[in-house]
Protein chains: 2
Amino acid sequence: MTARSHRPTIKEVALRAGVSPMTVSRTLSGGLNVKPDVQERVLAAVAELGYHRNENARSIRPGHSSGLIGVAITNIANPYYSTFALGVEEEAALTGRRILLGNTSEDAARENALVSDFLGRRVEGLIVVPASAEPDHLAASQKQGVPVVLASRRVEGLDADSVVLADDEGAHRGTIALIDGGHTRIGYLGNTLAIFTGRRRHAGFVRALEERGLRLDASLVAAGPQTVEQAREATRALLRMKNPPTAIFCANNRNAIGAIKEISTQIGAGLKPATAYPEIMSFDDFELAELSPVPISVIDHDPRELGRTAARLLLDRLDADGDGGPMREIELPVELRTHLR
Amino acid sequence: MTARSHRPTIKEVALRAGVSPMTVSRTLSGGLNVKPDVQERVLAAVAELGYHRNENARSIRPGHSSGLIGVAITNIANPYYSTFALGVEEEAALTGRRILLGNTSEDAARENALVSDFLGRRVEGLIVVPASAEPDHLAASQKQGVPVVLASRRVEGLDADSVVLADDEGAHRGTIALIDGGHTRIGYLGNTLAIFTGRRRHAGFVRALEERGLRLDASLVAAGPQTVEQAREATRALLRMKNPPTAIFCANNRNAIGAIKEISTQIGAGLKPATAYPEIMSFDDFELAELSPVPISVIDHDPRELGRTAARLLLDRLDADGDGGPMREIELPVELRTHLR
DNA sequence: CTGTTAGCGCATTCAG
DNA sequence: CTGAATGCGCTAACAG
């Protein structure tokens, strides 16, 4: 069987139905001013040929848009972001739009290339979890009339719609809960401060310490681990200290999972009882958190809703006739859930 | 600030650079037969205007294609499938192609609509984790010269490239390991047999029982649970039996996680010691599996590689001049990893 | 109710 | 080395 690469065009449908291309076009756009029986003939031809209207050809015509939304995410494989993507996809699908998904791997250059590519494909808008602190490529998109919505992280110097979490408040509340639970030596594992959420969550952590009159011990702070493995190493270092922390604040799920894995391994080795290990506070809930071998609390939130909200911000702007009004900065609430275990 | 929705065209670049559109086009396509200084002028104009070649306009011209791959997945939020999507994205990006991602929610109608939409957008090919047992819409795609690659599941009656796991063999080996570990009453939690993987994994399970001379006890088999919550309920039912299983074979991560959660909860309630609960065999590894409160083994595999392989199958066919040869059916190996815990 | 003309942005073909 | 003409698939705008 040879793969006949033939996608029928409107002309072929017209020929087969014995009408002009315009009649086909009209029929496919709702059938206004086309006799019912002619419509039937057209639709029959469409079905027989398996015709699909070429949206790309359609979109180059004035007034028409591509129905595409460019989504750039730092790491699709992270359940947090994939759930976010699901939220975006669902909301976009409600308006018949599709998403063009790209993974940036937390790499600014890749984000640049991706945005550029998306613009070439004439996306109507961009939803970005920025890997780059550099606003130029996104500003360029806006200048072309392609709105940008930032999700999870903001970019300094870019006036764009955004939806982020209550990072500072969440980290603050979580840390206060630890302190009020009796902890005075609290470790910190999180992203580098170069990243928006890393900075804000760290700030909330520090603010809580100050508020309770605890001094910040730099040797307890690891602002850097990105992967579970790196988090394990950082945890190992904390546990090796002569005076280890009695609790660890983990600024995201990668770090919390790394900490738990390391603690679990060490408990399994049997050197010290489980109670000798630090308790965990995790910014991000995650599956099986309740199996932690040490007490764990989470600062929970809803990535799917984050995605939906980002999409709605964008769609609102796309549907707005004029400039769509001032930028909107949304902060989604988080929920402290103590001692899942 | 008004959102000037102006995307510059090749004409405007030409005007600004003082050349014809063709010279711009040539410059952007590699610059063959364009004087270096002219190229510079063109590129300067491109940069100043923030011009991006309109790929949609480009793709309607004969010979050119969209550079788009349609990916339809049953559930993006499932870490297994999001990692799969990452693999597809990476491999597609290597050839400059992008993915159009759609979620089917295990819904055949949605899959139909999605495929139809993808064809309208002139995707070069389709990568599908089929939610539907019905081959017609996918066959239609092939007939138009848009190749289809099935991933994880095959569709009966559809002659398409596919990459799936060694479901039967994996389930068989896992079950044999349980039996040889002394278990004679083994529970089963998995997808409905209407789903390809559900059917195959169940078959491997049954085959192992037969091989070892154990009879299949229907009351121990739950072929249906799709979500963690449903899996918990099914587990609860198994544990309530007068003669409960001493091991449970879980045909996917949703079911394994549900089982573990339920067992963990019951152990926490303190009615029976942990050793009184069934051990787990999970088809699919998952994060924190090693924290299971009961011994657990997994049939591991690599969803990212599954994605990469699916993409490569598709790209091979796209790059092939002729019909690309016979369909290829790949079965990726799985690895039994016993007693992570 | 239906068909013709024209043009969206781009690049192949053919003249210079 | 550069430009003009032409047509990709589609649909407003304008006849009829």
Side-chain angles (χ1 to χ4, degrees), chain A residues 5-43 45-46 49-68 119-124 144-146, chain B residues 5-43 45-46 49-68 119-124 144-146:
Chain A
S5 171
H6 197 61
R7 340 268 265 255
T9 75
I10 198 172
K11 264 194 220 166
E12 300 171 59
V13 176
L15 201 69
R16 184 167 189 117
V19 296
S20 80
M22 260 321 292
T23 300
V24 176
S25 175
R26 275 194 266 260
T27 302
L28 261 28
S29 315
L32 241 82
N33 293 339
V34 181
K35 272 204 296 204
D37 58 310
V38 176
Q39 287 194 46
E40 270 181 52
R41 282 220 314 283
V42 169
L43 293 177
V46 165
L49 295 173
Y51 171 76
H52 291 269
R53 193 158 56 173
N54 186 333
E55 292 300 328
N56 295 334
R58 216 158 166 241
S59 74
I60 69 169
R61 300 188 31 72
H64 281 273
S65 50
S66 68
L68 253 27
L119 290 176
R121 295 182 191 281
R122 291 304 184 264
V123 294
E124 292 186 59
Q144 312 233 335
V146 181
Chain B
S5 171
H6 195 62
R7 339 268 266 255
T9 74
I10 198 171
K11 264 195 220 166
E12 299 171 60
V13 175
L15 202 69
R16 183 164 189 120
V19 296
S20 78
M22 260 322 293
T23 300
V24 176
S25 176
R26 276 195 264 258
T27 301
L28 263 28
S29 316
L32 241 81
N33 292 339
V34 181
K35 270 204 297 202
D37 57 312
V38 176
Q39 287 195 44
E40 270 182 53
R41 281 219 316 284
V42 169
L43 293 177
V46 165
L49 296 174
Y51 171 77
H52 292 270
R53 193 157 55 171
N54 186 333
E55 292 300 328
N56 295 335
R58 209 153 175 248
S59 74
I60 69 169
R61 298 188 33 72
H64 281 273
S65 51
S66 68
L68 253 27
L119 290 177
R121 295 182 190 280
R122 292 303 183 267
V123 294
E124 294 186 60
Q144 313 235 331
V146 181

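Chain naming here is simple, since letters A, B, ... match the order of the sequence lines and numbering starts at 1 in each. In this text, all values refer to a predicted model and were calculated from it rather than measured experimentally.
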Subject >> side chain to side chain contact (heavy atoms under 4.5 Å, CB included) assessment of B:Thr27 paired with B:Leu43 >> reply: CA-CA 8 Å; B:Thr27 301; B:Leu43 293 177; 4.1 Å; yes
**OP:** Give the intermediate values and the outcome of side chain to side chain contact (heavy atoms under 4.5 Å, CB included) for residues B:Val19 and B:Val24.
**Re:** CA-CA 7 Å; B:Val19 296; B:Val24 176; 3.9 Å; yes
Original post:
Yes or no on side chain to side chain contact (heavy atoms under 4.5 Å, CB included) for B:Arg122 and A:Asn54, after CA distance, side-chain angles and deciding distance?
Top reply: CA-CA 7 Å; B:Arg122 292 303 183 267; A:Asn54 186 333; 3.7 Å; yes
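Between B:Val34 and A:Glu12, the residue anchored closer to the 5' end of DNA chain D is B:Val34, taking for each the nucleotide with the nearest heavy atom.
Judged as a side-chain hydrogen bond (donor to acceptor under 3.5 Å, both in side chains), and not counting sequence neighbours, the contacts of B:Arg121 are B:Asp117. By the salt bridge (Lys or Arg N to Asp or Glu O under 4.0 Å) test, B:Arg58 pairs with B:Glu55, sequence neighbours left out.
Heavy-atom distances under 4.0 Å link DNA chain C to A:Ile60, A:Arg61, A:Pro62 of residues 54-67 of chain A, given in residue order.
Atom CG of B:Leu28 is separated from atom P of C:dG9 by 15 Å (rounded to the nearest Å). Following rounding to the nearest Å, B:Lys11 (NZ) and C:dA11 (P) show an atom-to-atom distance of 14 Å. Here the P atom of nucleotide D:dG9 and the CZ atom of A:Arg122 are 20 Å apart, to the nearest Å. Residue B:Ile10 contributes atom CD1, which lies 5 Å from atom P of C:dC10 at whole-angstrom precision. Following rounding to the nearest Å, B:Asn33 (CG) and C:dG16 (P) show an atom-to-atom distance of 18 Å.
With C:dC1, D:dA5, D:dT11 as the candidates, the nucleotide lying closest to the side chain of A:Lys35 is C:dC1. The nucleotide whose nearest atom lies closest to any side-chain atom of B:Met22 is, among C:dG3, C:dT13, D:dC10, C:dT13. Out of C:dG3, C:dA11, D:dT11, the shortest distance to the side chain of A:Ser20 is found at C:dG3.
Proximity of a side-chain donor or acceptor of A:Ser29 to a complementary backbone N or O of A:Ser25 within less than 3.5 Å is detected. Between the side chain of B:Glu124 and the main chain of B:Ser65, no donor-acceptor pair closer than 3.5 Å is present.
In terms of heavy atoms, B:Ile60 sits closest to A:Ile60 at CD1-CD1, 3.9 Å. Here the closest heavy-atom approach between residue B:Leu28 and residue B:Tyr51 is recorded as CD2-CE2, 3.4 Å. Across A:Val146 and A:Val123, no two heavy atoms sit closer than the pair CG1-O, 3.8 Å.
Taking side-chain N and O atoms only, A:Arg7 has no distance below 4.0 Å to OP1 or OP2 of D:dG9. When the side-chain nitrogen and oxygen atoms of A:Thr23 are compared with OP1 and OP2 of C:dC1, none of them lie within a distance under 4.0 Å.
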Atom pairs under 3.5 Å, N or O on each side, protein against nucleotides 14-16 of chain D: can you list them with distances?
none

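Applying the salt bridge (charged side-chain N to carboxylate O under 4.0 Å, His left out) definition to pairs two or more places apart or across chains, those involving residues 9-31 of chain B are B:Arg16-B:Glu48.
Annotation: the terminal axes of the helix from C:dC1-D:dG16 to C:dG16-D:dC1 meet at 40°, where each axis is the rotation carrying the C1' atoms of four end pairs onto the next four (5 pairs per end, rounded to 10°).
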